[in-house]
Amino acid sequence: MSTLSWNCRGLGQPRTVRMLAELVNSMKPSFIFLIETLCSRSKLESIKRQLDYDGLFVVERVGRSGGLALLWKAPSSVNLLKYAKNFINAEVEVPELGKWRLTGFYGCPESSRRRESWDLLRLLSGSSALPWVCIGDFNDLLAANEKRGRIAHPNWKLVGFQNAIADCQLIDLGVIGYQFTWERARGTDNWVEERLDRAFVSASWLH
């Protein structure tokens, strides 16, 4: 069983859909969480059929921004618990693993709203006693070495995110392969790379 999380930054272009199909063909995930879909429900329904998935839940985009989607394959099942424009919270059941909770999360990208993201994680943490997996683009860093660029990441953001994860008693599963998941201005003096995407689990999910 595996889960794919991807900030696709829009699924309107055929090239992006092909990239998604290649990822799915390679990883064969039971669940797919998509961020910033920037497309309609009907487009996502079409993608679900193209990928041959059985279930789909969509959080509609707002104007020309946002949009989330959760797709899953049988025999896994999904019971939606709650959703908003930046998260999907669901109880899932996988034959070999039983029931657990999967949250797809998109942290507020605006610096002024970081504390909203941290408080939302705390709220979601207390909403269920099931073993928990929380994946997505958190728009936050846990350590200074998760950024490469000219300007250091502000310490208050590091500490704030660290405290939120500690309060939620979540464990970072780490990364295999290339460390950074987002970049800007490649090839210039302002090139920045950061690890914004990650997967957290509760101790009960590991056991």
Side-chain angles (χ1 to χ4, degrees), residues 1-39 41 43-59 61 66-81 83 86-107 130-142 146 170-183 186 193-202 204-207:
M1 192 280 299
S2 65
T3 301
L4 170 65
S5 172
W6 188 31
N7 187 331
C8 53
R9 297 177 180 85
L11 286 167
Q13 298 297 323
R15 178 176 175 272
T16 310
V17 178
R18 285 197 301 271
M19 289 174 61
L20 174 60
E22 289 169 2
L23 284 170
V24 170
N25 185 58
S26 172
M27 297 180 58
K28 296 179 172 50
S30 300
F31 304 95
I32 305 172
F33 177 56
L34 298 173
I35 305 164
E36 289 190 2
T37 58
L38 308 181
C39 65
R41 181 183 297 272
K43 174 67 174 178
L44 288 162
E45 287 282 359
S46 175
I47 291 171
K48 183 196 83 168
R49 292 191 296 270
Q50 180 181 338
L51 297 177
D52 193 27
Y53 273 66
D54 301 291
L56 169 68
F57 180 76
V58 176
V59 178
R61 63 183 177 179
L68 306 174
L70 178 66
L71 298 90
W72 62 93
K73 258 189 177 295
S76 299
S77 62
V78 171
N79 175 34
L80 181 69
L81 298 175
Y83 69 92
N86 58 336
F87 74 88
I88 297 175
N89 195 33
E91 177 186 291
V92 303
E93 186 167 6
V94 181
E96 65 268 26
L97 294 175
K99 288 184 179 180
W100 45 283
R101 182 162 57 116
L102 174 63
T103 302
F105 192 86
Y106 182 38
L130 285 171
W132 189 24
V133 176
C134 186
I135 60 172
D137 178 350
F138 291 81
N139 273 310
D140 260 311
L141 308 180
L142 282 173
E146 293 179 347
L170 286 170
I171 300 163
D172 184 4
L173 287 182
V175 62
I176 297 173
Y178 197 67
Q179 177 182 358
F180 304 108
T181 64
W182 175 88
E183 68 172 3
R186 175 185 281 267
E193 293 182 291
E194 296 179 331
R195 183 189 171 203
L196 302 181
D197 304 80
R198 60 182 75 234
F200 293 109
V201 298
S202 63
S204 59
W205 192 88
L206 288 175
H207 303 100

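The figures here come from the full heavy-atom set of this structure, side chains too, leaving out hydrogens, waters and symmetry mates. Numbers here simply count residues along the sequence, with the first being 1.
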Practice prompt. Look at the side chain of Asn7 and the backbone N and O of Asp137, then say whether any donor-acceptor pair between them is shorter than 3.5 Å.
Written response: no

In this structure, CG of Asn89 is separated from OH of Tyr83 (nearest 0.5 Å) by 13.0 Å

Would you sort out whether Asp52 and Lys73 count as a side chain to side chain contact (heavy atoms under 4.5 Å, CB included), showing the intermediate values? CA-CA 8 Å; Asp52 193 27; Lys73 258 189 177 295; 3.8 Å; yes

Taking every heavy atom of Leu102 against every heavy atom of Trp100, the minimum-distance pair comes out as CB-CZ3, 3.8 Å

Closest heavy-atom pair, Ser76 versus Val94, reported as atoms and distance to 0.1 Å, is OG-CG2, 3.7 Å

Between the CG atom in Leu80 and the CZ atom in Phe57, the distance rounded to the nearest 0.5 Å is 4.5 Å

When rounded to the nearest 0.5 Å, the distance separating OG1 of Thr37 from CG of Leu68 is 7.0 Å

Are Arg195 and Leu142 close enough that some pair of their side-chain heavy atoms sits under 4.5 Å apart?
-> no

NZ (Lys43) and CG (Leu38) are apart, to the nearest 0.5 Å, by 12.5 Å

Close aromatic pair by centroid cut-off 6.0 Å: Phe105 and Phe200: no

Heavy-atom closest pair (Cys8 atom, Thr16 atom, distance to 0.1 Å) is O-CG2, 3.9 Å

Rounded to the nearest 0.5 Å, the CD atom of Gln179 sits from the CD atom of Glu146 at a distance of 6.5 Å

Closest non-hydrogen contact found for Lys99 with Leu130 is O-CD2, 4.1 Å

Are there more than 12 heavy atoms of other residues, nucleotides or ligands under 6.0 Å from atom CD of Gln13? no

In Leu34, Leu56, Val17, the residue satisfying side-chain contact (heavy atoms from CB on, under 4.5 Å) with Ile47 is Val17

Closest non-hydrogen contact found for Ala90 with Leu70 is CB-CD2, 4.4 Å

Under 3.5 Å, side chain of Ser202 to main-chain N/O of Trp132, donor-acceptor pair present? yes

The reported gap from CG in Asn139 to CG in Asp197 (rounded to nearest 0.5 angstrom) is 8.5 Å

Decide yes or no on side chain to side chain contact (heavy atoms under 4.5 Å, CB included) for Leu196 and Leu141, but give the supporting numbers first.
CA-CA 6 Å; Leu196 302 181; Leu141 308 180; 3.8 Å; yes

Between Ile35 and Ser5, the two heavy atoms sitting closest are CD1-OG, 4.2 Å

Looking at Phe31, is its backbone amide N or carbonyl O close enough to the side chain of Thr3 to form a donor-acceptor pair, meaning the two atoms are under 3.5 Å apart?
no

Heavy-atom distance under 4.5 Å between the side chains of Leu4 and Leu20, does that happen here? yes

- [ ] Just do the side chain to side chain contact (heavy atoms under 4.5 Å, CB included) check on Trp6 and Leu23 with the steps written out, would you?
- [x] CA-CA 10 Å; Trp6 188 31; Leu23 284 170; 4.2 Å; yes

